[in-house]
Structure formats: C-alpha cells, structure tokens
Amino acid sequence: MSTLAVVDAGMLVSGDLTHPLIEAADTVLCADGVITAVGRIEELAQEVAEADQVLSAAGATVAPGLIDSHGHVAFGDYSPRQKAVDYLEGYVHGGITRTISAGEVHVPGRPRDREGVKALAIAARASYDRYRPGGMRVHAGNVLLEPSLTYEDFGHLARCGVWLAKFGFGAYEKARDGVEQIRWAKEHGSVVMCHAGGASAAGSASLRADDLLALDPTVCGHANGGPTALPDGDVDLLLSESGMALQLVQAGSLRAALRIVDRALDTGAEARLVVGSDTPSGFGVMPLAVLKTVVELSALSALEPARAWALATGNVADVWGLPAGRLLVGAEADLLVLDAPLGSAATTALDAMAIGDMPGISAVVTDGVPRFLASRNTPRAARPARLDG
C-alpha cells in the first residue's frame, strides 16, 4: 500500500458548495488511492514521517481535481474530431483528473443499429476502465439512445457496467418519442444527459424546455449552449419546473452561463449547476476548458471562487455518484496544488481567480499518485510544489 502526505497547504478548498473551505487544516494524507485524513500537521506528524512520499504545497492551495462532466472521448488518447493525439494527458495538465463521456459520438463510422449502439458503449466503458491517460480516470461508455433499443437492452447494458446514457443524437421522429427509453435507462441505474439548445455540428437534435420537461433526464446538457444556448425563458422554466442538473460548458455562451448562475443563486439552486468542457468539439482541444470556466464564473458572477470550484468537483460527484470531487476522508485521492501565477496582483489561487487570472498548477495527484510537478499548460505558480521520496 503506497502512502502520500500533502503538507504545507496555505488553504484547503473542500469541493463542497456549502462549506467550500476547510478551516484549521494544512495536511492531507492518502493511502492506496484514498484520502485517509485531513487535518493539522501537528496531529498527523507521525503519519507524515512514515509516508512513502511527501508533497509540499509550499503555502499554496490544495483542492480536489476538476471533473469534466462533458467530454467527447472516442478510444485511446485520440480525438477524431480534431485529429489530436495525447490530448487527454494534456487535460490532466489543465487540472482535469476525471472526464465523464457525453457519448462516443465522434467515433468514425459510429454505429446506429441496436447491437452496434450497445457494443460501442460496452467496449468504450471496458476500454477506459483499463486505460488511464496521464493518470486521468475516464468514465466512458455513454450509450447514445436510438429508438430501436428495448427495455431488455438496458438490462443488458447495466449488466455490462454501462451507467451513462445520452439523448439527442438518435433517429427519433419527435423528441418526446424518447420518454420511455429515458425512463428505462434511469430504472436501470443510468445517469441520463440530454442535449439542449440548438443543433450541433455533430448532428444532434434542437431541443427546447418543453421537450426537456417531457423527457425528464438527469442532466440538461450544456444549458448555456453546445454551442447554441437555450433561450432565457427556457432556463427559467427548467429551474422552476424540474429538478434536473443544468450543465455549463466552455464551448457555449459565457453570457448565458453567467445568467444561469445568477438565476440559480436567486432561486437557491446552486447545487444543480455542474461544469464541463464539451470538448473536443468545433471549439477544438482545450486543456484549460474547465479551469477557464471556473475562473470566469469566479471573476464575473456572484459566486466566490471556492464555491465556483465546487461546480466542477463536488456538484459533479453528487449528480453522477462519483467517489471523488471532495477533500474528504474516504474520497478517492485526486488533488491539485495551485497558486497565484507569477506576476499576478493576487497572492493566492482563489484571489487570482477572483480577478480573472488563471492560477498556476504546480502538482496533480490522481489515485494518490503525483503525476507531475508544474503544469505545461497553466502559468507558473508563484510558490511551486516540491516532492520528496
């Protein structure tokens, strides 16, 4: 069993929307890929001394790794849409420690028949269970719903470990023809995301609030546009008439995202907001997509930076039922060390985000294993992390 101690943290961001900062703590202990303690160095000195590795945050901020709730993976570390290789490993350098597939829609020659649709989801799920690009965990195998799928098919998919489903790309005559299948998917334990807003270049439907309310998915995908946003009135209707999560993505409208945050704050619905990248897409490969969204929300909305961080960590974990996303004993040990960038007017990562500066990531830990020191995609951190052992 390997052990890691992360020490000398100037600030701990929890990933919890209601209690975003962990007070009176500067140390996180990890063993066998799981967080085993969060506290003060004085209380944990013996465990730190016995740890296989010690990662010093040098007074900077420690936070849970970002979770991309809308990634368009295919197979391996390759994007057919942008013909890019090793892009997921680059996303780890952007602080993304997990990606949730929004459907393997970019696979060349994507099957549309009943057996092929199931086979694609099953194969993608199994493939990424064994493959960790750059240390990232990819939750893949998102079945793209087609009208040919039967109730028994959803049982088959569940037995094969598929627990993600996506509506919006199938050959349905009318959107509401998918109501029964979305209910079947949810009955078999799937988290169902629905395309929302205008049609995309990948061939999705154009779906409005009345369709979404009838379909009743778990998640309204890219409510701020993928890339065309839902009208303002539709968002208000979803907030008042449903309990579905509303997803904000980088590959959408910033204006719409800020308005959604404001409306959610007004109505006490912040826990329903989640962040994703919706990349690779026509917007390209964007390693800093999720971090950039969190920074924009921190600088331009009424959300404080530590609470904005929860939209891409703890909130995502809650909606998808993931064992990560928080600095919490028992959570999987996906952590970042980050700080104000060199030359910023800010002195901490959170202060930098509040003024719109991209923080510098100086260490990424996934599964309790340090993956690198110094991100190749963010600015340099003012106080870089150090690893011993």
Side-chain angles (χ1 to χ4, degrees), residues 65-112 117 120-121 123-125 127-128 131-144 164 166 168-169 193 195-206 221-222 224-229 247-254 257 274-296 312 316 358 361 364 366 371-372 375-379:
L66 298 167
I67 306 172
D68 185 353
S69 69
H70 196 120
H72 281 297
V73 298
F75 281 98
D77 199 350
Y78 173 65
S79 166
R81 182 75 178 273
Q82 294 297 340
K83 303 187 186 305
V85 296
D86 297 337
Y87 82 95
L88 288 170
E89 192 261 349
Y91 278 43
V92 177
H93 280 258
I96 297 172
T97 53
R98 289 174 186 250
T99 290
I100 300 169
S101 171
E104 289 74 29
V105 68
H106 296 157
V107 169
R110 174 171 63 88
R112 308 294 291 269
V117 165
L120 175 60
R125 195 279 306 161
S127 174
Y128 281 106
Y131 180 51
R132 302 287 298 274
M136 176 191 289
R137 185 177 295 281
V138 179
H139 299 285
N142 189 324
V143 62
L144 295 160
L164 301 170
K166 177 78 174 288
F169 289 85
M193 184 191 299
H195 178 93
S200 71
S204 62
S206 178
H222 45 59
N224 69 314
T228 307
Q247 188 182 64
L248 310 176
V249 299
Q250 181 60 214
S253 163
L254 177 57
V274 294
V275 166
S277 73
D278 193 10
T279 67
S281 63
F283 282 70
V285 169
M286 297 181 67
L288 300 183
V290 174
L291 183 58
K292 186 173 186 291
T293 300
V294 173
V295 170
E296 289 168 346
V316 179
M358 192 71 66
I361 295 174
V364 170
T366 68
R371 302 298 177 176
F372 64 78
S375 166
R376 66 168 182 260
N377 290 323
T378 67

Problem set entry | Under 3.5 Å donor-acceptor, Asn142 side chain and Lys166 backbone | yes

For this session: Using a 4.5 Å cut-off on heavy atoms from C-beta on, say whether the side chain of Pro379 contacts that of Met358.
Result: yes

Exercise. When you look at Arg132 and Glu89, which way does the salt bridge (Lys or Arg N to Asp or Glu O under 4.0 Å) test go after all the steps?
Worked result: CA-CA 9 Å; Arg132 302 287 298 274; Glu89 192 261 349; over 6 Å; no

Exercise. Does any donor atom in the side chain of Ser253 or Asn224 lie under 3.5 Å from an acceptor atom in the other side chain?
Worked result: no

Exercise. Which heavy-atom pair separates Val294 from Ala312 by the least distance, and what is that distance?
Worked result: CG2-CB, 3.9 Å

Problem set entry | Atom of Ile67, atom of Val316 and distance for their closest heavy-atom approach | CG2-CG1, 3.6 Å

For this session: Mind listing the closest non-hydrogen atom pair of Ser101 and Ala140 along with its distance?
Result: CB-CA, 3.7 Å

Exercise. Is there a side-chain contact between Leu288 and Tyr91 (heavy atoms, below 4.5 Å)?
Worked result: no

Exercise. For Ile361, does its backbone N or O pair with a side-chain atom of Thr378 as donor and acceptor, under 3.5 Å?
Worked result: yes

Exercise. Is the backbone of His72 close enough, under 3.5 Å, to the side chain of Glu104 for a donor and an acceptor to pair up by distance?
Worked result: no

Exercise. Do Leu164 and Ile100 come within less than 4.5 Å of each other through their side chains, counting heavy atoms only?
Worked result: yes

For this session: Decide whether Ser277 and Gln250 meet the rule of one side-chain donor and one side-chain acceptor closer than 3.5 Å.
Result: no

Exercise. Are any non-hydrogen side-chain atoms of Tyr87 and Pro280 less than 4.5 angstrom apart?
Worked result: yes

Problem set entry | 4.5 Å side-chain heavy-atom contact, Thr99 and Met136 | yes

Problem set entry | For Gly276 against Val290, the heavy-atom pair lying closest together | C-CG2, 4.2 Å

For this session: Rounded to the nearest 0.5 Å, what's the gap from CZ on Arg137 to CZ on Arg98? Could you check?
Result: 5.0 Å

For this session: Drop me the distance from Leu291's CG to Glu296's CD, to the nearest 0.5 angstrom.
Result: 10.0 Å

For this session: Compare all side-chain heavy atoms of His70 with those of Met193 and state whether any distance is below 4.5 angstrom.
Result: yes

Exercise. Just by modelled atom types, is the His93 backbone N or O under 3.5 Å from a matching donor or acceptor in the Asn377 side chain?
Worked result: no

Problem set entry | Whether Ser281 side chain and Asp278 backbone form a donor-acceptor pair below 3.5 Å | yes

Problem set entry | Qualifying residue, where the test is side-chain contact (heavy atoms from CB on, under 4.5 Å) with Val364 and the options are Thr97, Ile96, Leu66 | Thr97

Exercise. Quick check: does any side chain N or O of Thr366 sit under 3.5 Å from a backbone N or O of Gly135, one acting as donor and the other as acceptor?
Worked result: yes

Problem set entry | Gly198 to Ser206 - nearest heavy-atom pair and separation | CA-OG, 3.8 Å

Exercise. Taking the side chain from Asp77 and the backbone from Leu88, do they hold a donor-acceptor pair closer than 3.5 Å?
Worked result: yes

Exercise. So do the side chains of Val249 and Phe283 get within less than 4.5 Å of each other, counting heavy atoms only?
Worked result: no

For this session: Taking the six-membered ring for Trp and the single ring otherwise, decide whether the centroids of Tyr128 and His139 are under 6.0 Å apart.
Result: no

Exercise. Where is the tightest heavy-atom contact between Val274 and Ser69, given as atom of each residue plus distance?
Worked result: CG2-OG, 4.2 Å

